Number of protein chains: 2
Amino acid sequence: MKSSAEQAAIEKRLKAAGVRPTAQRIALARFLLNGADHPTAEDVKKWADENFPKMSLATVYNTLALLVRAKLIKEVKLPHTSRVIYDDRVSAHYHFLDEKSGKIYDVDPSEVEVKPRLKKNASVRGVEVLLRGRWG
Amino acid sequence: MKSSAEQAAIEKRLKAAGVRPTAQRIALARFLLNGADHPTAEDVKKWADENFPKMSLATVYNTLALLVRAKLIKEVKLPHTSRVIYDDRVSAHYHFLDEKSGKIYDVDPSEVEVKPRLKKNASVRGVEVLLRGRWG
DNA sequence: ATCATATATAGAATAGTTCTAAATTTAGAA
DNA sequence: TTCTAAATTTAGAACTATTCTATATATGAT
């Protein structure tokens, strides 16, 4: 997509989500929503250092938190690292960790059947699944 | 169980696992293997402060790591907290987080049917499940 | 008892993230 | 436009949980 058209589209999405589209936010949202693949805050900062003049680490964290609150991205905490990962897939889904490459793949809930049969008075309001293995 | 008998039993388990049973290790192992319920390192240190003279935080961490290596306890990282939790159940199992109390419950794999049906060239070598909801 | 090794200790260092206070930018009013 | 108040961005300090480092202490084998 042409860069300017992409920016306009992102700006629209930000506004629709109630986020004021500042230059920093448009740049980061563009990276996060078109192209980034499960980046950490560090990955995002690295991208910013290479593609946006003088963006502070605080802005990276502020914006990530803002986009999470706006439900444009999702925070993912996985046990193999202490870094938080950001996911542009915001609907409920699971994750697959490729143990060779360290890469994370999103897994649609339809691809993993999960059926809890717990004692009666336990009510399950959410399920998180991490699969580990070899993806490819 | 009588305290001295309990200590002897713990000492035996440590030896069997190849861990030299020092006073600090016996005390901590006793807490971890008989009575502690998914404690954090901080919980363990707090217990030590109240029940063992002058144990350092480093010893708490060293011993936890040692007992993990010896497969007497397991490290559990869950997404709702940045603190590592230690579990005296060492066989594979899942977890349930009670959202009201914050308490963690172990869930036997037989209580949750998990059936991944991924693309053919993906091989699953491990499954982690966290259920959230109300336990009681 | 001596010696070599293992363990325990206090405190420094680290990683990742959040907080704070000041500077800058913005949108809207005048 | 210019002014102003509020929102945003910034650099760096602070924080949390954990690991590392250097020294002291304890232990078991001789």
Side-chain angles (χ1 to χ4, degrees), chain A residues 10-11 14-15 17-32 38-49 51-70 72-87 102 104, chain B residues 10-11 14-15 17-32 38-49 51-70 72-87 102 104:
Chain A
I10 287 290
E11 205 174 321
L14 291 177
K15 275 185 193 151
V19 174
R20 270 203 355 203
T22 64
Q24 288 86 344
R25 289 170 182 177
I26 292 168
L28 292 184
R30 210 169 135 201
F31 174 57
L32 287 160
H38 298 96
T40 62
E42 196 187 22
D43 294 333
V44 176
K45 178 60 162 67
K46 187 156 165 285
W47 178 89
D49 286 345
N51 295 278
F52 193 102
K54 299 182 62 49
M55 194 183 302
S56 73
L57 181 58
T59 294
V60 169
Y61 276 105
N62 287 343
T63 302
L64 287 168
L66 188 66
L67 297 179
V68 168
R69 268 183 272 123
L72 290 168
I73 59 174
K74 220 175 175 178
E75 238 183 55
V76 179
K77 292 178 188 174
L78 296 179
H80 70 300
T81 169
S82 55
R83 294 163 153 88
V84 172
I85 280 165
Y86 295 89
D87 199 329
I104 299 298
Chain B
I10 288 291
E11 205 174 322
L14 290 177
K15 274 185 193 150
V19 174
R20 266 198 2 199
T22 65
Q24 287 87 341
R25 289 169 182 179
I26 292 168
L28 292 183
R30 209 170 135 203
F31 174 57
L32 288 160
H38 299 94
T40 62
E42 195 186 23
D43 294 333
V44 176
K45 178 60 162 66
K46 186 157 166 284
W47 179 89
D49 286 343
N51 296 279
F52 194 101
K54 299 182 69 42
M55 193 184 302
S56 74
L57 181 57
T59 295
V60 169
Y61 275 105
N62 287 343
T63 303
L64 286 168
L66 189 66
L67 297 180
V68 168
R69 267 183 271 123
L72 290 169
I73 60 174
K74 218 176 176 179
E75 239 182 54
V76 179
K77 291 178 188 175
L78 296 178
H80 70 300
T81 170
S82 55
R83 293 163 152 88
V84 172
I85 279 164
Y86 296 89
D87 199 329
I104 300 297

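What you see is a predicted model, and the numbers here were worked out from it, not measured in a lab. Naming: A, B, ... by sequence-line order, numbering from 1 per chain.
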**Qualifying residues under side-chain hydrogen bond (donor to acceptor under 3.5 Å, both in side chains), relative to A:Ser56, sequence neighbours excluded** = A:Thr59

**Prompt:** Roughly how many Å is it from NZ in A:Lys45 to P in D:dG12, rounded to a whole number?
**Reply:** 12 Å

**Fill in**
Sorted by chain and residue number, the side-chain hydrogen bond (donor to acceptor under 3.5 Å, both in side chains) partners of A:Thr63 (sequence neighbours excluded) come out as none

**side-chain hydrogen bond (donor to acceptor under 3.5 Å, both in side chains) partners of B:Thr40, counting only residues at least two apart** = B:Asp43

**Asked** Roughly how many Å is it from CZ in B:Arg69 to P in D:dT19, rounded to a whole number?
**Response** 11 Å

**Complete:** To the nearest angstrom, the CG-C1' distance between A:Leu14 and D:dT8 comes to 14 Å

**Item:** Annotated protein contacts, base or backbone, on nucleotides 2-15 of chain C with a non-hydrogen cut-off under 4.0 Å, one of B, S, - each
**Value:** ----SSSBB-----

**Message:** Rounded to whole Å, how long is the line connecting atom CG of A:Leu28 with atom C1' of D:dT9?
**Reply:** 12 Å

**Message:** If you compare every side-chain N and O of A:Tyr61 against the phosphate oxygens of C:dT17 (OP1, OP2), does one of them come in below 4.0 Å?
**Reply:** yes

**Item:** Any-strand Watson-Crick or G-U partner of C:dA30, both distances under 3.5 Å
**Value:** D:dT1

**Request:** Not counting sequence neighbours, which residues clear ring pair (Phe, Tyr, Trp, His ring centres under 6.0 Å) with A:Tyr86? List them please.
**Result:** none

**Prompt:** Does any non-hydrogen side-chain atom of B:His38 lie less than 4.5 Å from one of B:Val76?
**Reply:** no

**Prompt:** Can you name the side-chain hydrogen bond (donor to acceptor under 3.5 Å, both in side chains) partners of A:Asp49, sequence neighbours left out?
**Reply:** A:Lys45

